[in-house]
J.: 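First the structure, then my questions, so here it is.
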Amino acid sequence: MRVRFWGVRGSFPVPGPSTNRYGGNTSCVQLSPDNGTVLIVDAGTGIRRLGKELMTRPAFRGGQGVVHLLISHTHWDHIQGLPFFAPLYVKGNQINIYARQRDVDLADIFQSQTQDPYFPVGLEEVAAQVTYTDLSDGARFNAGGVQVRCTRLNHPFIAIGFRIDADGASVAYISDTAPFASIVLEHEYIATRPDIEAPPSVPEAAKLEAMRHGVVELCRGCGLVIYDTMFLPDEYRARPHWGHSCPEHALEIVEAAGASCLALFHHAPERSDEQVDAELARAQAVASCRVVAAAEGMELEVPARPQAAAPSRGRKERR
Ligand SMILES: [Zn+2]
Ligand SMILES: [Zn+2]
């Protein structure tokens, strides 16, 4: 399975000379299994160029294109490119959006992004057919012949991580999440929470352990784990309630899961290319697995797991 990064930045787009190498567009990753399914995770500004690339294919130009779009959560940096996704404006194309269930109807959440006076064309009026699928925290489903699983992450108002299995290879996408030391704001908004570093209560500790376990199991044996590493340690200590991790937190999970490669992802907007290089070098120095820093245009081939060809054929990954 091939993975291509179209946007690797967190929070907001930062084009400019200091981010040219890693790229300034917000979160968008494309997964390409052998069966040709177009699977995209998140619709940050990176999805605009991906849409243009898809429009070079006859199927998308001719209104027969199908996209499966997984959304980790609906914070701006994960959806702000969607109105600029060219396949939406061709009659006959089908865009299937999957996101976590909320109290508000999913279609209303996405359509509110393009309401007048914020955008000239409402998402409900586009030519393509758009469908919405509500996901629960532990959902498992098939998207274009590809197996997808979800788990809850530790992020304000809740994000979900995905695991995608195809061609014997597995990729996990874990963005955005804080480490599992303290529950980060669930349904309530609190601008600051001074007690966030206090030890969790017993019920909170159980919930955190369940959440961490879910993430480790999702990443179990993956050939690639793409993980939110927006913070450096001192930045995390200053803003623990923002819901983001450091490379150290990501490595702890990836190594516990026996995954073979970590991609640092969701780089902080203020991080220059040289600073991402330094963050990568620091992570590589302590890692027991391969570590890369996601960059716009980077393409990785994720190999099939060796177990898939072993005599214990049919054995399921530990779940
Ligand atoms: Zn984000
Ligand atoms: Zn977020």
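Remember, it's 1-based here, ligands and their atoms both numbered in the order they're listed.
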J.: Could you tell me whether the side chain of Trp76 reaches within less than 4.5 Å of the side chain of Thr26, counting heavy atoms only?
T.: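 Result no, sub-4.5 Å side-chain heavy-atom pair not found.
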J.: For the CD atom of Gln147 and the CG atom of Asn142, what is their distance to the nearest 0.5 Å?
T.: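 The CD atom of Gln147 sits 5.0 Å away from the CG atom of Asn142.
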J.: Looking at Arg57, I'd like to know if its CZ atom is crowded, meaning that more than 12 non-hydrogen atoms belonging to other residues, nucleotides or ligands lie closer than 6.0 Å.
T.: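 Count over threshold, so yes.
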J.: Could you tell me if the side chain of Pro269 sits less than 4.5 Å from the side chain of Thr19, heavy atoms only?
T.: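 No - every pair of side-chain heavy atoms lies 4.5 Å or more apart.
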J.: Which pairs, with at least one residue in residues 248-273 and sequence neighbours excluded, count as a ring pair (Phe, Tyr, Trp, His ring centres under 6.0 Å)?
T.: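 Counting only pairs at least two positions apart or across chains, the ring pair (Phe, Tyr, Trp, His ring centres under 6.0 Å) contacts touching residues 248-273 are Tyr22-His267, His78-His266, Tyr173-Phe265, Tyr236-His249, His244-His266.
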J.: Surrounding CZ of Arg49 (heavy atoms of other residues, nucleotides or ligands, distance under 6.0 Å), is the total greater than 12?
T.: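 Counting neighbours around CZ of Arg49, 12 or fewer heavy atoms of other residues, nucleotides or ligands fall under 6.0 Å, so no.
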J.: Using 2.8 Å as the cut-off, note every protein N, O or S atom close to the Zn ion (ligand 2).
T.: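 The answer is His73 NE2, His75 ND1, His155 NE2, Asp176 OD2.
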